[in-house]
Structure formats: structure tokens, C-alpha cells
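Everything below concerns the one structure shown next.
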Amino acid sequence: MASPTTCFLHILAIFFICLPLANTIDFNYPAVFNFGDSNSDTGGLVAGVGARLEPPNGQTYFKNPSGRFCDGRLIIDFLMDAMDLPFLNSYLDSLAAPSFRRGANFAAAGSTILPATASSVSPFSFGIQVAQFFRFKNRVSEIQAKTRKYDKYIPAQDFFQKGLYMFDIGQNDLAGGFYSKTLDQILASIPTILTEFEDGLKRLYDLGARNFWVHNTGPLGCLGQNIAKFGTDASKLDELGCVSSHNQAAKILNLQLYALCKKLQGQYSDANITHVDIFSIKSNLIANYSRNGFEQPLMACCGYGGPPLNYDSRIACGQTKVLDGNNVTAKACNDSSEYINWDGIHYTETANQFVASQILTGKYSDPPFADKMPFLLKLKF
């Protein structure tokens, strides 16, 4: 049987041959600056609030917890690899002399677009992440004005204008809202959420950013955490077994986010603003899980409780606790590559690789970028 990597490259070759050309993206970016939540957090929350990730997190690729809520690599890791760039270090992680020469990651798990509240998982909301970037850029200028001996650790000045600014955030604004709001109230809050997002993008544009890459939010109704909490009534589930209300909210947010990206594409004629339909990629993966090489579309690989979800909100992946009078551990499955979901909230490395492969076809992007596909020949995974 062909390996996942062989199949992956075969899929890319097919799309490279078949997709129409479009003059849009230049993938020769000197640096990447990323903003987001756990979907792209490479260590921000763990470093920023002193949180602890236990094994088996990180077991597949890094062999130890890496600050990622995953058994291995995230979508952003595969995208960086495809662009022949090193994995992004978290802005908040200061140990072991991290290099920020080719960019920095401001994402933190649990982050929202709207300002954080006292009950938020992460204090590093989108506005804070943008403010951190402002400080990062200013400090780079200050350091370069004094000495050049740190040049191998920090971006060159023109990297900020030529670099790619990536965004994958908004899922937690919706998911968290369902714990205290009705669906109608959540839908009514979406314009406010996106106004905050637009403000952050405009601030970055005013500072010189010109290349924007925006992921929409995925089908959060298909996450075990949400099914366990809000899907106990079968009438609230769709044909895939996902919570209908959560996916409806995601679709509405995504429609409005797409409209915002189109508006900004027209407003900033000197900028490249690419919208990526993550929702469709992940929904297609779940709907066609068997065809795509997976055995479990919804059940968590690492968790506690067994089928159908193997998820218990009282204990996170890798933890050992006393539950109902018993000492239990949330352990990993035997083969995470058979599972789409890692821990009830996040995807496995294998699922992330599949999503990245679909992103890189260009067909889920607006504008598409199929003419830039030759850069994929440098793939290392």
C-alpha cells in the first residue's frame, strides 16, 4: 500500500496538472507572521501562561510535547515546510535562543478575536497579538539601530513588507459563546467579531503589511468536545453526527468573513488578500473519511471514555486524575493516523497534513494560486 506521503504528492501532481492558472500569489516569502488560536499555536499558550502539555502530545513527530495541541505537526508546520521555511517559533517562548529571522508566531491556544474576559482560556486575544507584533517590529528596529550582531535571529526590515501575514482565528468566539448564549445571540455577535478582526488587519496594513492569508473557521460542530456537550439530543445532530447549530454559526461567520476579504481586496489594491476555505476542506474530510484513509471521523485518539467520542471534559489528553472514585489516564490510541481528531478539540498530524495538502492545491483559495504550484516540488514531508 502506498505511504501517506506518496499519496499526498500524487494528489498534488494531479491538481497541478488539472487546475486553471491564476496570477495571484508569490510563495517566495522571506518571513511569515502568524496570528491565531490552537489551530496554529506552536507554543504560545504554554509559554505565555505556564500551561503544561503532557505526553503523548507531540509523540508522532517531535517525540515530546512541543507546545502544540496535537500528536505532531500542525497545518502551519506543513505550510512552512512547503514554502521551504523553518517552523515558526512562538513570540512568547524565550528559551533556547529562538530564531525569529524568518518570522514569528503570535498565535495562542484558546484565543478569540474579541477581547479576552476573566473566564477566557487565553488572555492573548487578536488585538493583543497584533499589539505584540507592533512591539516585536519596534524592538527589531531598535536592536538593528544599535548593532548588527543579532541579524541572524531577527527579520531584516524589508521582511516586514515582503512577508506573509497568516490568520486562523475565530473558532473560539463561536464555540465559547454557546456556553452562555443562544444561536441567535451568537449570530448577532458575528458583525462585531469581524469588525474587531478588520481593525486588526487594517492596523497591520497601516504598518506596512501587504500579503494577507486568511483561513475561515472549520466545522466546530464536528469536534468531540462540542458533540459531548451539545449533541446529547440526536435531533440536534446533522447527517455526519455533528452539532447543527455550531456548524450553522461557523457557516454564517465564514460567509461574512468572505465578504470582508472581498471588500478588503477591493479597498487595498496594493495588497494581496487570500481567503482560504478551511470549512469545506475539513467538512469534506469528515464526510469522506474512509475514502481519505481514516477509520474514525469524530472519535478522539487521545482521551477517556471510549466510543463513540472517547472524550470527557474533566480530563485532557495525557492527564491522570481521579474520576468517579477511580484513578484514570487519558491515553492515546494505538495509531493516530487512523483518526481525524486527536483530543476531542484538535486534529491529528495526519489530518493536518491532509488539510495542508488541500490548501496547497489552490482550489479552496480566493483568489486561487495554481500557477505557483511548482514551489511544492520542494516538499519535505
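We number each residue from 1, following the sequence as shown. Side chains included, hydrogens not; waters and symmetry mates left out as well; all remaining heavy atoms used.
- With sequence neighbours excluded, no residue forms a side chain to side chain donor-acceptor pair (under 3.5 Å) with Tyr304.
- When side chains are defined from C-beta on, Arg73 counts as touching Phe62, because their heavy atoms get closer than 4.5 Å.
- Listed by chain and residue number, Arg314 satisfy the salt bridge (Lys or Arg N to Asp or Glu O under 4.0 Å) test with Asp324 (two or more places apart in sequence, or in another chain).
- Residues Tyr347 and Ile75 have side chains not in contact (no heavy-atom distance under 4.5 Å, counting atoms from C-beta outward).
- Looking at Tyr165 and Tyr205, their side chains never come closer than 4.5 Å, going by heavy atoms from C-beta outward.
- Geometric assessment of Arg68 against the ring of Phe87 yields a positive cation-pi assignment under the 6.0 Å and 45° thresholds.
- Looking at heavy atoms from C-beta onward, Asp277 lies out of side-chain contact with Ile281 at the 4.5 angstrom threshold.
- Residues that satisfy the salt bridge (Lys or Arg N to Asp or Glu O under 4.0 Å) test with Glu142, not counting sequence neighbours, are Arg139.
- Every residue meeting the side chain to side chain donor-acceptor pair (under 3.5 Å) condition with Asn39, not counting sequence neighbours, appears here in chain and number order: Asp37, Gln171.
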Side chains of residues 292-301: which donor-acceptor pairs under 3.5 Å do they make with residues two or more places apart or in other chains?
from   : atom 1 : to     : atom 2 : distance (Å)
Asn292 : ND2    : Asn288 : O      : 2.9

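- To the nearest 0.5 Å, atom CZ of residue Phe35 and atom CG of residue Asn105 are 9.0 Å apart.
- More than 12 heavy atoms of other residues, nucleotides or ligands sit less than 6.0 Å from atom CG of Asp233.
- Counting only heavy atoms from C-beta outward, the side chains of Tyr258 and Asp366 approach each other to under 4.5 Å.
- Residues satisfying the ring-ring contact (aromatic ring centres under 6.0 Å, His included) test with His246, not counting sequence neighbours, are Phe178, Phe230.
- Looking at Ile128 and Pro123, their side chains never come closer than 4.5 Å, going by heavy atoms from C-beta outward.
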